[in-house]
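These notes are about the structure you will find just below.
Residue numbers run from 1 in the order of the sequence given.
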Amino acid sequence: QVRLVESGGGLVQAGGSLRLSCATSGLTFRRYAMGWFRRAPGKERQFVAAISWSGGSTYYADSVKGRVTVSRDNAKNTVYLQMNSLKPEDTAVYLCAAANIGSASTYASVYDYWGQGTQVTVSS
């Protein structure tokens with residue numbers, strides 16, 4: 001059974017930082033590209049960042065570029081999202097996803113497995 005479990009969310013003031021983690025099990029992690037998406041109240045799910053199976057390629061949404069870094073540790077079957085200079089508009093549930101493709105993708109439709117998400121709330 002494949003599981004993706006996010007952690008690291010919480011309440012932070014604007015300008016603060018959080019590091020999200022997504023621990024996976026039940027899949028051959030090193031073969032999967034990983035993505036982070038977010039879902040804010042009343043809004044559609046939005047792409048945040050993605051990383052290829054090797055970590056050699058990354059993609060970021062324009063809204064977070066320069067403030068967010070995605071990384072992975074294939075030995076720990078875990079992907080991370082370091083978020084700095086957080087803004088109130090970053091408030092959302094953050095979800096990680098796994099795609100059985102080599103390259104990273106910004107498209108939610110290519111991801112095979114999803115976590116339940118972790119809440120990030122940024123106060124002004």
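A distance of 11.5 Å separates CG in L81 from CE in M34, rounded to the nearest 0.5 Å.
Residue pairs satisfying the disulfide (SG to SG under 2.5 Å) criterion with at least one member in residues 35-69, sequence neighbours excluded, are absent. Residue pairs that meet the disulfide (SG to SG under 2.5 Å) test with at least one member in residues 35-91, sequence neighbours left out, do not exist here. Under the side-chain hydrogen bond (donor to acceptor under 3.5 Å, both in side chains) criterion, the residue pairs touching residues 70-81 are R72-N74, with sequence neighbours excluded. A disulfide (SG to SG under 2.5 Å) check over residues 43-83, counting only residues at least two apart or in different chains, returns nothing. The disulfide (SG to SG under 2.5 Å) analysis of residues 68-124, with sequence neighbours excluded, yields the pairs C22-C96. Sorted by first and then second residue, the salt bridge (Lys or Arg N to Asp or Glu O under 4.0 Å) pairs with a member in residues 13-41 read R38-D90; sequence neighbours excluded.
Considering only heavy atoms from C-beta on, L27 comes within 4.5 Å of L4 through its side chain. No side-chain heavy atom of V2 sits less than 4.5 Å from a side-chain heavy atom of T24. Considering only heavy atoms from C-beta on, M83 stays 4.5 Å or farther from V48 through its side chain. Side chains of S63 and Q46 form a contact here, defined as non-hydrogen atoms less than 4.5 Å apart.
The minimum heavy-atom distance between A14 and P88, with the atom names listed, is CB-CD, 4.1 Å. Closest of all the heavy-atom pairs between S52 and S103 is CB-CA, 4.2 Å. In terms of heavy atoms, S123 sits closest to L11 at CB-CD1, 4.4 Å.
Scored by the side-chain contact (heavy atoms from CB on, under 4.5 Å) test, S85 finds R67 as partners (sequence neighbours excluded). Residues meeting the ring pair (Phe, Tyr, Trp, His ring centres under 6.0 Å) test with F47, sequence neighbours left out: F37. Scored by the salt bridge (charged side-chain N to carboxylate O under 4.0 Å, His left out) test, K65 finds D62 as partners (sequence neighbours excluded). Not counting sequence neighbours, the partners of T69 by the side-chain contact (heavy atoms from CB on, under 4.5 Å) test are Y60, Q82.
Cluster note: W53 groups with no other residue, as no ILVMFWY side-chain heavy atom lies under 4.5 Å from it.
Under the 4.5 Å side-chain heavy-atom criterion for grouping Ile, Leu, Val, Met, Phe, Trp and Tyr, V68 is connected to I51 within one hydrophobic cluster. No continuous path of hydrophobic side-chain contacts links W36 to V93 [ILVMFWY only; heavy atoms under 4.5 Å]. Grouping the Ile, Leu, Val, Met, Phe, Trp and Tyr side chains by contacts below 4.5 angstrom, directly or via other members, places V64 with V122. Hydrophobic clustering of Ile, Leu, Val, Met, Phe, Trp and Tyr side chains at less than 4.5 Å, counting indirect connections, unites I101 with Y59.
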Under 3.5 Å, sequence neighbours excluded: what are the donor-acceptor pairs made by side chains of residues 104-118?
{"unit_1": "S105", "atom_1": "OG", "unit_2": "Y107", "atom_2": "N", "d": "3.1"}
{"unit_1": "Y111", "atom_1": "OH", "unit_2": "S105", "atom_2": "O", "d": "2.5"}
{"unit_1": "D112", "atom_1": "OD2", "unit_2": "N100", "atom_2": "N", "d": "2.7"}
{"unit_1": "T118", "atom_1": "OG1", "unit_2": "G9", "atom_2": "N", "d": "3.2"}

